[in-house]
Protein chains: 2
Amino acid sequence: MTANTASSNGKVPTIKDVAELAGVATSTVSRALSNPDRVNARTRARIEEVAAQLNYIPSTQARALSSGRTGTVALLVPDVTNPFYFDIIRGTQYQLKAAGYTQLLVDTEESADVEAEALQKLRRSCDGVVMVASRLSDEQLAAAAASQPLVTMNRGVPNVPTVIIDTPAAIGQALDHLVSLGHREVTYVGGPAGSWSNARRWTAFEQASEALGLTIHRVGPFPPKTTSGAAAADATLHSGATACIAYNDLLAIGMLQRFRERGVRVPEDVSIIGCDDIFGADFCNPPLTTMTAPVEQAGRVAISMLLGQLNPLYGTGNRKLAVMPTHLTVRGSTGPARVG
Amino acid sequence: MTANTASSNGKVPTIKDVAELAGVATSTVSRALSNPDRVNARTRARIEEVAAQLNYIPSTQARALSSGRTGTVALLVPDVTNPFYFDIIRGTQYQLKAAGYTQLLVDTEESADVEAEALQKLRRSCDGVVMVASRLSDEQLAAAAASQPLVTMNRGVPNVPTVIIDTPAAIGQALDHLVSLGHREVTYVGGPAGSWSNARRWTAFEQASEALGLTIHRVGPFPPKTTSGAAAADATLHSGATACIAYNDLLAIGMLQRFRERGVRVPEDVSIIGCDDIFGADFCNPPLTTMTAPVEQAGRVAISMLLGQLNPLYGTGNRKLAVMPTHLTVRGSTGPARVG
DNA sequence: CAACATTTGGCAATCGCTTGCCGATCAACT
DNA sequence: AGTTGATCGGCAAGCGATTGCCAAATGTTG
């Protein structure tokens with residue numbers, strides 16, 4: 001049981017095994033592997049060979065413990081099963097991997113408490129955090145950003161690096177589109193009450209509508225799920241508008257289903273516009289007119305910004321804000337306003 | 001710079017800070033926090049109080065290094081943006097969280113090499129691994145399972161704990177359904193060549209068809225994405241069958257779109273059945289008849305099995321195999337066979 | 001009251017790796 | 001030849017916990 005012949009007989013090889021076999025000190029092995037220039041080329045070659053032969057893999061824990069860098073970045077999303085976040089997950093994963101980092105995905109269950117708790121736990125175990133659509137207060141976020149590298153997405157906080165997807169801009173396009181189809185009365189179908197994005201979208205909606213002289217209504221708030229679509233559809237119908245813009249595609253798709261159930265034709269009776277252009281928006285029935293955003297790219301940008309904080313070498317100029325452009329994608333769910 | 005007053009002035013508090021403030025040794029703090037019975041109730045209370053006051057959070061790295069347990073379980077999926085995996089991700093996340101573990105999500109990019117590499121890296125940094133739809137060989141998987149706790153999903157390997165979703169059973173139901181609608185000639189739209197699930201589905205399809213005396217065709221292989229749907233649809237049309245069963249819903253949904261483009265009516269001209277009942281299968285056009293599986297539950301079961309390996313206390317009897325039942329969900333994409 | 005068992009807390013070694021500091025080696029320059 | 005600088009490798013001190021072992025304190029029993 002006390003066997004420790006330090007060769008290839010025991011369990012997983014450590015840096016010590018490599019050092020012994022290569023006839024050098026562990027410090028040299030360490031350097032050869034993570035700071036190549038600090039060691040003679042021949043020595044390094046030998047060490048690499050031995051390491052490969054032993055199938056040596058450095059312990060992330062030990063490395064993290066002694067160096068303080070974990071090589072891990074956490075991504076906090078409200079709901080991993082919400083398709084909107086898929087592309088963010090993918091975009092960040094991609095970029096992190098390219099930079100040699102590992103992604104830790106955390107689902108905050110749409111709850112500020114879970115989020116705060118996760119942030120606490122994470123403080124020690126990752127190099128940085130990306131928070132998507134955070135429900136925390138500005139103060140909490142600012143405090144978090146002060147104690148560790150952090151980037152928020154779709155949630156602007158003063159002095160905290162942020163990537164926002166500029167949906168408000170597309171809302172203008174969306175309303176123009178509706179107006180050109182003859183709509184004069186439009187309803188905004190609201191998302192979650194505490195959502196920053198929702199507030200921004202509503203504001204943009206309000207302002208653009210006013211500029212266009214439209215009559216507007218607002219219904220909601222609704223949870224951003226297809227299952228909320230029924231209530232949202234009914235409320236919209238009751239508002240009397242001929243068209244509506246929904247907080248997001250999930251809601252819009254749910255509404256589509258409800259309209260169908262009730263025999264309300266889309267777009268003949270009512271036009272509907274979603275937001276995000278998620279998976280499914282193109283093949284639902286009818287296909288959804290929606291505001292398309294470069295979500296995956298936004299994820300990559302967020303990681304670039306974070307990496308910029310972690311490693312000054314990246315020198316991306318330490319931007320504090322990135323705004324991703326969006327545009328309207330017209331499909332089948334919008335059409336001429338019904339008369340009367 | 002050399003400040004280290006060990007109280008609350010420095011940086012993040014360590015176990016040592018807690019120990020000093022509480023007037024005990026670090027070992028006692030450690031025990032109080034992770035082995036409560038090993039310490040006097042009063043001492044423990046005091047320590048807990050101090051820890052709370054200092055906002056002390058144990059370092060996962062240090063803990064992992066000295067104890068050998070990381071508290072992390074990795075989930076390897078071929079593609080994080082494939083909706084089929086969403087529920088697995090959610091199911092495992094849920095169950096892991098409940099047991100106090102952290103989930104590490106890894107995207108293997110549908111590649112055996114990436115998978116093998118990730119497995120290597122992970123060997124040292126997590127307590128166990130769940131591999132979904134692995135592309136590795138039986139030998140590789142067996143070896144991996146021998147060197148660390150591991151559970152596979154939708155990939156049977158002798159002597160490796162596995163959770164499989166019993167789609168083949170539902171394929172029987174699906175064919176019965178088609179036969180009852182008058183179909184006599186059916187095409188199987190194949191998934192990825194190396195996929196174990198695909199092989200099983202085909203075999204089940206073949207056998208059930210034979211029992212029913214059906215004429216069958218096979219097209220493919222196709223990557224399991226909606227974008228492969230066009231080619232799949234065209235090939236299916238060319239096969240001359242009046243109905244088809246697709247490897248999965250993604251493919252089926254893509255085919256639906258292509259059929260529409262080509263003016264082929266579903267289900268009047270051709271019936272189509274998907275597999276998995278993913279997000280979107282209920283609101284595509286027409287809604288997809290598909291084989292529904294308890295995916296999230298399967299994820300939870302996988303974690304239970306893994307936890308059983310990690311901690312004998314769980315004593316789930318160390319099952320080696322769990323088979324999740326599936327059933328056919330009939331929606332609008334299947335109908336009576338066209339005549340002629 | 002002595003002898004023994006049980007709690008309870010501390011000491012110190014460890015886990016595997018990084019890194020500041022130092023000394024040896026060797027080439028280049030004056 | 002002597003001095004100066006690089007370059008390269010080793011020593012050893014941590015990083016922040018866990019844990020085996022031991023001793024003091026406390027409790028139990030005859």
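Side chains included, hydrogens not; waters and symmetry mates left out as well; all remaining heavy atoms used. Order of the sequence lines fixes the chain letters, A, B, ..., with proteins taken first and strands second; residue numbering starts at 1 for each chain.
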Could you state the atom-to-atom distance from CD1 of I47(B) to P of dG9(C) in whole Å? 8 Å

Separation of dC15(D) atom P from Q61(A) atom CD, nearest Å, is 18 Å

Atom-pair distance (CG on N35(B); C1' on dT19(D)), nearest Å: 10 Å

If the condition is salt bridge (charged side-chain N to carboxylate O under 4.0 Å, His left out), which residues does R44(A) pass it with, not counting sequence neighbours? none

How close or far is atom P of dG16(C) from atom CZ of R124(B), stated in whole angstroms? 7 Å

In whole Å, I'd like the distance from the NZ atom of K16(A) to the P atom of dA12(D). 14 Å

Using a 4.0 Å cut-off on heavy atoms, which residues in residues 62-70 of chain B reach DNA chain D? List them by number, or say none. A62(B), R63(B), L65(B), S66(B), S67(B), R69(B)

Counting side-chain heavy atoms from CB outward, which of dG9(C), dT18(D), dG16(C) is closest to T14(A)? dG16(C)

Any residue meeting side-chain hydrogen bond (donor to acceptor under 3.5 Å, both in side chains) with E115(B), in chain and number order, not counting sequence neighbours: S134(B)

Side chain to side chain contact (heavy atoms under 4.5 Å, CB included) assessment of L65(B) paired with R63(B): CA-CA 5 Å; L65(B) 183 56; R63(B) 192 200 290 270; over 6 Å; no

Using a strict heavy-atom distance below 4.0 Å, which residues from residues 25-32 of chain A are in contact with DNA chain D? A25(A), S27(A), T28(A), R31(A)

Choose from dA17(D), dC17(C), dG9(D) the nucleotide whose nearest atom is closest to any side-chain atom of S59(B). dA17(D)

In whole angstroms, the gap separating P of dC15(C) from CG of D17(A) amounts to 11 Å

Nearest whole angstrom, please: distance from the P of dT19(D) to the CG of D37(B). 15 Å

Can a donor-acceptor pair be found, under 3.5 Å and without considering hydrogens, that links the side chain of S195(A) to the backbone of P192(A)? no

For nucleotides 22-25 of chain C, list the nitrogen or oxygen atoms of the protein found under 3.5 Å from its nitrogen or oxygen atoms, one pair per line.
none

Does N55(B) use its side chain to pair, donor to acceptor, with the backbone of A52(B) at less than 3.5 Å? no

Tell me whether Q140(A) contacts the main-chain N or O of S137(A) through its side chain, where contact means a donor paired with an acceptor under 3.5 Å. yes

According to side chain to side chain contact (heavy atoms under 4.5 Å, CB included), who are the partners of A22(B), at least two apart in sequence or on a separate chain? V24(B), R46(B), I47(B), V50(B)

Report the residues that fulfil salt bridge (charged side-chain N to carboxylate O under 4.0 Å, His left out) with R124(B), sequence neighbours left out, ordered by chain and then residue number. none

Are any of the side-chain heavy atoms of I15(B) and Y56(B) separated by less than 4.5 Å? yes

Just report the end-to-end axis angle for the helix from dC1(C)-dG30(D) to dT30(C)-dA1(D), five pairs per end, to 10 degrees. 40°

Residues in salt bridge (charged side-chain N to carboxylate O under 4.0 Å, His left out) with D79(A), at least two apart? K225(A), R90(B)

D113(A): salt bridge (charged side-chain N to carboxylate O under 4.0 Å, His left out) partners, not counting sequence neighbours: none

Closest non-hydrogen atom pair, L150(B) against A145(B): CB-CA, 4.0 Å

Pairs of donor and acceptor atoms involving the side chains of residues 125-133 of chain A, under 3.5 Å and at least two apart or interchain, shall be tabulated with distances.
from: S125(A); atom 1: OG; to: K121(A); atom 2: O; distance (Å): 3.2
from: D127(A); atom 1: OD1; to: T70(A); atom 2: N; distance (Å): 2.7
from: D127(A); atom 1: OD1; to: T70(A); atom 2: OG1; distance (Å): 2.8
from: D127(A); atom 1: OD2; to: T70(A); atom 2: N; distance (Å): 3.2
from: D127(A); atom 1: OD2; to: G71(A); atom 2: N; distance (Å): 2.9

For R44(B) and T60(A), take the nucleotide of DNA chain C holding the closest heavy atom to each; which residue's nucleotide lies nearer the 5' end? R44(B)

With sequence neighbours excluded, tell me which residues meet ring-ring contact (aromatic ring centres under 6.0 Å, His included) with Y85(B). none

